Amino acid sequence: MRSLRLVLAGLVLTGTVFVLTALMVPQAQNAATTAVAVFCTVWLVVVLGNALGGITQGHPPRLEAGLAVLVLAVPTSVALALWSVDGLEINSARTPWVLAAGVALWAVILQLATVWNSEATFLRTQNATIAVFLPLWLVLMLVNVLLGMNLGYTLAEELPVLALNFGVPAAVAAIVRAYTRSRRTGRNTAHIE
């Protein structure tokens, strides 16, 4: 089950990296090649870390190696297939793509944290997810602001875009966390009565 969840996270991460790269790397600089390089590097580190974690938990190394090949192969194959068709090209309506990529990135990080912290409570896993996601997403959105300014937009024009692009995915993460916390608290109260 862990492998299937990792493969699904890898597939969503593939799409997220391709969307973000299409938005941030000019097509003349071959965004698809950049996306494949970024995704394959990140995903290899994730897969190796997962395999090493499984081995340290007592799983047989051969099993972990076999699962690592599967978990690495499926999303990487999709990334290479997207690369062979030159990735994605986004010419208009950038904000919905950015917002979708932000929510997808948060979901991938949450899924990875859930897989790796199976013994932690879901609320603690969400806290860890937010601690990783928010700084990463802020850096990506600051790069997006710099790219916009490089294209001729002023800082005054970019700041509301930054607030929207950063705020919506951050709000989704916070709302889900608050909803989970209230449901957990409600359950605990019901058991006490």
Side-chain angles (χ1 to χ4, degrees), residues 1-25 27 31-47 49-50 70-118 122-123 125-148 161-180:
M1 185 65 170
R2 178 179 62 147
S3 297
L4 178 61
R5 291 168 66 189
L6 286 170
V7 167
L8 291 174
L11 291 172
V12 173
L13 184 60
T14 303
T16 304
V17 169
F18 269 85
V19 166
L20 288 171
T21 307
L23 291 166
M24 295 185 179
V25 175
Q27 292 300 321
T33 301
T34 304
V36 168
V38 168
F39 171 76
C40 289
T41 303
V42 168
W43 196 240
L44 180 62
V45 169
V46 167
V47 169
N50 181 64
L70 171 72
V71 170
L72 181 66
V74 174
T76 302
S77 298
V78 170
L80 292 173
L82 285 171
W83 178 54
S84 69
V85 294
D86 291 331
L88 304 172
E89 189 172 334
I90 301 171
N91 294 322
S92 62
R94 294 171 51 89
T95 300
W97 284 99
V98 171
L99 298 177
V103 172
L105 182 61
W106 164 77
V108 166
I109 294 170
L110 178 61
Q111 181 71 345
L112 292 174
T114 302
V115 168
W116 291 335
N117 294 319
S118 60
F122 191 63
L123 188 58
T125 301
Q126 285 186 333
N127 289 341
T129 300
I130 288 173
V132 171
F133 170 70
L134 290 180
L136 175 62
W137 190 242
L138 181 60
V139 167
L140 288 170
M141 292 304 93
L142 289 173
V143 168
N144 190 47
V145 166
L146 293 175
L147 291 171
V161 175
L162 171 65
L164 178 68
N165 288 344
F166 177 77
V168 171
V172 168
I175 289 167
V176 170
R177 182 183 173 280
Y179 176 76
T180 302

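Because the structure is predicted, anything quoted here is derived from the model rather than measured. Numbers here simply count residues along the sequence, with the first being 1. Below, each value reflects all heavy atoms present in this structure, side chains not excepted, and no hydrogens, waters or symmetry copies.
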Any non-hydrogen side-chain atom of [X] less than 4.5 Å from a side-chain atom of [Y]?
{"X": "L136", "Y": "I109", "value": "yes"}
{"X": "R2", "Y": "V71", "value": "no"}
{"X": "T76", "Y": "F39", "value": "yes"}
{"X": "V145", "Y": "F166", "value": "no"}
{"X": "V12", "Y": "L8", "value": "no"}

> Between V42 and V17, is a side chain to side chain contact (heavy atoms under 4.5 Å, CB included) present by the stated rule, with each step listed?
Replying inline: CA-CA 10 Å; V42 168; V17 169; over 6 Å; no
What pair of heavy atoms forms the shortest contact from [X] to [Y], and how long is it?
{"X": "L112", "Y": "A9", "value": "CD2-CB, 4.1 Å"}
{"X": "T14", "Y": "P75", "value": "OG1-O, 3.6 Å"}
{"X": "P169", "Y": "L164", "value": "CD-O, 4.3 Å"}
{"X": "W106", "Y": "V172", "value": "CZ3-CG1, 4.0 Å"}
{"X": "W137", "Y": "N165", "value": "NE1-O, 2.9 Å"}
{"X": "V7", "Y": "L70", "value": "CG2-O, 4.3 Å"}

> Where the side chain of W83 meets the backbone of A37, is there a donor-acceptor pair that is under 3.5 Å apart?
Replying inline: no
> Checking T21 side chain against F18 main chain: does a donor-acceptor pair fall under 3.5 Å?
Replying inline: no
> Does the pair N144 and L23 meet the rule for a side chain to side chain contact (heavy atoms under 4.5 Å, CB included), with working shown?
Replying inline: CA-CA 8 Å; N144 190 47; L23 291 166; 5.5 Å; no
> Which of these passes side-chain contact (heavy atoms from CB on, under 4.5 Å) with L142: L146, L138, L140?
Replying inline: L138
> V25 pairs by side-chain contact (heavy atoms from CB on, under 4.5 Å) with which of V38, T33, T34, L20?
Replying inline: T34
> In this structure, are over 12 heavy atoms from other groups packed under 6.0 Å from W97 atom CH2?
Replying inline: no
>> My understanding is that only residues two or more places apart in sequence, or in another chain, count here; which of them pass salt bridge (Lys or Arg N to Asp or Glu O under 4.0 Å) with R5?
In response: none
